[in-house]
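Here is the structure we will look at.
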Amino acid sequence: MVKKSGLYLFNSLRQKKEKFNPPENTVSVYVCGVTPYDITHLGHAFTYVSFDVIVRYLAFIGFHVVYVQNVTDIDDDILKKAKAENKDWRVLAERNFSDYLKDADFLNLRQPDYYPKATDHIGEIIDFNNILLTKNYAYEKNGNLYFDIKKFSGYGKLSRLSKVKMLPVSRERGNNPDDPDKRNPLDFVLWQKKVPGEPYWESPWGPGRPGWHIECSTMSMKYLGQTLDIHGGGGDLIFPHHESEIAQSEAATGISFARFFIHTAMLYYQGKKMSKSLGNMVFIRNLKNYSKNTIRLLLLSNHYRQEWQYSEDMLNKARKLNGLFRKVWLVQSGRNGEFSFNNYRQKFFEALNDDMNTPQALGILENLSKNLINNRNKRLSSAKAFLNQAFNILGLIVEY
Ligand SMILES: [Zn+2]
């Protein structure tokens, strides 16, 4: 029998909360992962911790989750940085990915079932592009292969942007609308021809390397099938990346690419979006003086769809909350009747079922903890067992 859940998630495809009832008990989750050209900052961590809790909660409900997070290990940024540092691009990508894994471990992220790398899937990417060519959704020009967005009527259904509004975003995010070989400035590249001095692979259209979007369509389909239960990523990926993934995938298969698209909100620091281009980043490696729980509590105190601004004040608040939790584990249980926690339990799950409202869920655990400390004369073991279960769902560990 297929599991029914009480979980509602905000589906970016339809811009509303929808009940998460997948057709099978095995649930596929694909989250756009790192481009390993730099070190992990708090904005990345917010996205991965948010999806980590979703995956943990789905598993808790009883779904068998297959979780894939890709690695874009060939990319303009990697090549640029390798050139600037006079390093081999592969060495740079490997080093940054292994640093990411250390940060992921510090953040207590559940390992995805697969971490597919783009460069390990060039053959499959070429096959995917061939399907798009055969079906007449793609065209070749001067050694480049493009997706013809005019052929796909649903282009824009995720971002809900007009073609006019797509143009500047497309330019800003590397889709190169001014390329004279394109039929339409919004067409995007599926295969880009070799640039002297850059790595390349052979293909039916000549030597080159894959476009960014096609990597995710190819790898998600390979590991998870034609329709994903959940596709996620940072909100800045909605256009053009996810919009283009939908176009390619649905053009190839003729069926829906993802049941749910879930996007995390942007993180701000010093009044601006935390980003490499603005240089206002807080790196995970610089937060390792704090405990794992403190950093997760900092992140989970913010709802995944709510933009927020990082401050040291928030970090201190998270540390204080962690201090409270530490105390609870040390409280000795009394014998004076059973401490009743059903109300907390119910509210905790209500908060998670309402689009993963982790700030609310944490508020309930905070109140529960204060009450446990104040009722130490009662039997606390069942309540503590629940708190432990809640910790597992939120990826918190029992720290003393
Ligand atoms: Zn992607």
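Every number for a ligand or one of its atoms is a count from 1 in the order of the listing. All values below come from the heavy atoms of this structure, side chains included, with hydrogens, waters and symmetry mates left out.
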**Report entry** side chain to side chain donor-acceptor pair (under 3.5 Å) between Thr253 and Gln226, intermediate numbers included
**Finding:** CA-CA 7 Å; Thr253 65; Gln226 296 189 333; 4.9 Å; no
Query - the Zn ion (ligand 1) contact by His213, N, O or S atom under 2.8 Å - result: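 So His213 does not count as coordinating the Zn ion (ligand 1).
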Query raised in the report: Relative to the ring of Tyr115, is the ring of Phe97 parallel (under 30°), tilted (30 to 60°) or perpendicular (over 60°)?
Result: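 Rings of Phe97 and Tyr115: perpendicular, over 60°.
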Report task. Indicate, with yes or no, if Tyr8 and Phe348 share a hydrophobic cluster defined by side-chain heavy-atom contacts under 4.5 Å among Ile, Leu, Val, Met, Phe, Trp and Tyr. Result ->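 Unlinked, Phe348 and Tyr8 end up in two clusters.
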Query raised in the report: Closest N/O/S atom of Glu245 to the Zn ion (ligand 1), by atom name?
Result: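 Nearest N/O/S atom of Glu245: OE2.
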Query raised in the report: If you take all heavy atoms of Val53 and Ile393, which pair is closest and at what distance?
Result: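 Heavy atoms of Val53 and Ile393 come nearest at CG1-O, 3.9 Å.
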Report task. To 10°, measure the NE2(His241)-the Zn ion (ligand 1)-SG(Cys216) angle for me. Result ->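 Once rounded, the angle between the two atoms at the Zn ion (ligand 1) is 110°.
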